[in-house]
Amino acid sequence: MPLKIYNTLTREKSEFKPITADHVGMYVCGPTVYSDVHLGNCRTFISFDIIYRYLTYLGYKVRYIRNITDAGHLEGDRDEGDDKFSKIARLQQVEPMEIVQKYTLGFHHVMQLFNNLPPSIEPRATGHIAEQIEMTKQIIANGYAYEVDGTIYFDVEKYSKEKPYGILTNRKLEDLLEGTRELGGQDEKHGRLDFALWIKAKPEHLMQWPSPWGMGFPGWHIECSAMSEKYLGKQFDLHGGGMDLAATHHTNEIAQSEACYHTSPANYWMHTNMLTVNGVRMSKSAGNGFLPEELFTGDHPVLDRAYSPMTARFFMLQTHYRSTLDFSNEALQASEKGLRRLWDAYETLKKLVAGSRELAGDAELNAKCLKQLAEFDENMNDDFNTAKVLANMFELVPVINSIKDGLIKPDAIAASTVVLMQEKFKAYIEDIFGLKDELNLNDGKLSGVMELLIDIRKESKTKKDFATSDKIRNQLTAIGINLKDEKGGEMSWGVE
RNA sequence: GGUCCUGUAGCCGAGUGGCUAGGCAAAGCUCUGCAAAAGCUUCUACACCGGUUCGAAUCCGGUCGGGACCUCCA
């Protein structure tokens, strides 16, 4: 089965066909760096990281653009007032770029903790003012924008006479107007839905640039249009972001591209669903934002204790990216244990020596393994169903453990099947799902000490000196190291 | 008010009309000096009411509940 992607624009899954064979251009709306990213933001970037990794795994050469919004995002709900950076900078009495720097570094740090790959290019809005001005000029020239005292507005009503403005989220113009507030008396916009492409700056405004319309700063939506065009062209394959961006931000991006270039920017629009806490969307304004830091330290009322970045990543992988995911202590606990079980089996699998037999001793079991392995790709091709792939993996975990414990003979499955299993697990767990070993047990000194302790314990067990063997085991458990007695008298260990 | 999504066992969550995911928790058994780990087994669910169908968690209609977007937010 070829790769199928659910396209918000068509509201159905369809086969993914890139514009240029073997190449994918992908744009994802990045964070606005005026405060710390919360876990809901992280979910989106983790989802697209996995999509990026999977496209690469399929052999595509992917150019992945994820921007940094460091200007233009307005405070408040109308096209007026400050942008967020200027406001916070003024409150904290620092340069706006100090705010940007602080939270950009924080964002990168969090992305690294979650093991997200960096995008191919991470453009900043402030680095592309010229492009945004150019685009705005062209939209004016094409007749879809107008100036009012140094501010440029996009004319939605004019646009919608020629193109369906609400096409992305299936909204009619009348319905949109219905839900919009009345124009205030002092409002200078012609239409209620009109949005700013360029905003006139007051003299005291901290971030402003010269333009044909005087000093000002860009609107939020134009930056993504300008930067995606610059690095991916007027039309590219994939545009992604959180679902909350579809109705406004992405709708306006489409309108801007159509008004400027007469093309729709992206062929496939992908939207990730929200992370919720007690069923309510996690967001900065709702005040229920969960910071990664709070998760990693466990310092949050909802949590009993700390959870690692990989636990959170695994937790997200167990759900489809288009479903809401509810964040709770219990769910994280279950994920932590599930991940441990999967990872232990993966470590075991890596050490399994493929038997010599090309023919499987147990044809039925062998076929079952091959079926599960084949479904890895099938399920990912079905709109990136990571939850199903994990289920496939867990079906194979008992097989792996049984071979290790001698419950299944090593040659019950063909040598080629074992090798394939090793390759697929590696590819999926590490390369595509981006999970990594957080325990770092390969520290030489600790391993040495553990070998010694295991040796002593083996000796005392042989002598039936259980007082000593239990002492070693219990003391280690107390400091968080678990000893496992395996079949045949071997012992292994792990850190809690 | 409009545009949508959603309601699945104790919890989290996949689910293409028939083959009844998976994880966690719980119980029993096997293994074990004991325990843990591991293996096997059990608990088998689809909000409610109708309809279509040989057959519905899945399709259609209605009712009730939850949520998102339409205003800054991934």
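Chain A is the first sequence line, chain B the second, and so forth, proteins listed ahead of strands; every chain is numbered from 1.
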Strictly under 3.5 Å: I want the nitrogen or oxygen pairs between protein and nucleotides 34-40 of chain B, one per line.
unit_1, atom_1, unit_2, atom_2, d
rC34(B), O2, Arg473(A), NH2, 2.9
rC34(B), N3, Arg473(A), NH1, 2.8
rC34(B), N3, Arg473(A), NH2, 3.3
rC34(B), N4, Arg473(A), NH1, 3.3
rC34(B), N4, Asp485(A), OD2, 3.3
rA35(B), N6, Asp485(A), OD2, 2.8
rA35(B), N1, Arg473(A), NH1, 3.2
rA35(B), N3, Arg473(A), NH1, 2.9
rA36(B), N1, Asp485(A), O, 2.9
rA38(B), O3', Asn401(A), ND2, 3.0
rA38(B), O2', Asp405(A), OD2, 2.6
rG39(B), OP1, Asn401(A), ND2, 3.1
rG39(B), OP2, Arg341(A), NH1, 3.0

(message) Checking contacts here: which listed nucleotide (rG15(B), rA74(B), rG33(B)) is nearest the side-chain heavy atoms of Asn385(A)?
(response) rG15(B)
(request) Would you indicate which nucleotide in rC72(B), rC24(B), rA21(B) comes nearest to any side-chain atom of Thr248(A)? (result) rC72(B)
(request) For Lys102(A), check side chain to side chain contact (heavy atoms under 4.5 Å, CB included) against everything at least two apart and list the hits. (result) none
(message) Quick check with a 6.0 Å cut-off and a 45 degree axis cone: is Lys350(A) positioned over the face of Tyr346(A)'s six-membered ring?
(response) yes
(request) Taking ring-ring contact (aromatic ring centres under 6.0 Å, His included) as the test, write out the residues that go with Tyr103(A), two or more places apart. (result) none
(message) Pick the closest RNA chain B nucleotide for Gly30(A) and for Lys388(A) by heavy atoms, then say which residue is nearer the 5' end.
(response) Lys388(A)
(request) Tell me, please, which residues at least two apart from Glu378(A) pass salt bridge (Lys or Arg N to Asp or Glu O under 4.0 Å). (result) none
(message) His320(A): which residues meet the ring-ring contact (aromatic ring centres under 6.0 Å, His included) condition with it, sequence neighbours left out?
(response) none
(message) Could you work out, with side chain to side chain contact (heavy atoms under 4.5 Å, CB included) as the rule, every residue matching Thr272(A), not counting sequence neighbours?
(response) Thr44(A), Ser47(A), Phe48(A), Tyr321(A)
(message) Under 6.0 Å between ring centres: does that hold for Phe296(A) and Phe114(A)?
(response) yes
(message) Given rG22(B), rA74(B), rG33(B), identify the nucleotide with an atom nearest to the side chain of Met282(A).
(response) rA74(B)
(request) Provide, to the nearest angstrom, the distance between the CD atom belonging to Glu490(A) and the C1' atom belonging to rC31(B). (result) 17 Å
(request) Pull out every residue in residues 4-13 of chain A that has a heavy atom closer than 4.0 Å to any atom of RNA chain B, ordered by number, or say none. (result) none
(request) Would you please name every residue forming a side chain to side chain contact (heavy atoms under 4.5 Å, CB included) with Arg171(A), sequence neighbours left out? (result) Thr169(A), Leu176(A), Ala247(A)
(message) Once ring-ring contact (aromatic ring centres under 6.0 Å, His included) is applied, do any residues pair with Phe314(A), and if so which ones, sequence neighbours excluded?
(response) none
(request) Taking ring-ring contact (aromatic ring centres under 6.0 Å, His included) as the test, write out the residues that go with His38(A), two or more places apart. (result) none
All N/O contacts under 3.5 Å from nucleotides 9-12 of chain B to the protein, with atom names and distances to one decimal?
none

(request) Return the value, rounded to whole Å, for the distance between atom NE2 of His250(A) and atom P of rC4(B). (result) 19 Å
(message) Could you spell out the base pairing of RNA chain B as a dot-bracket line? Use Watson-Crick and G-U wobble contacts where both distances are under 3.5 Å, [ ] for crossing pairs, | for partners on a different strand.
(response) (((((((..(((.....[...))).(((((.......)))))....(((((..]....))))))))))))....
(message) Tell me if the centroids of the rings in His300(A) and Phe290(A) come within less than 6.0 Å of each other.
(response) yes
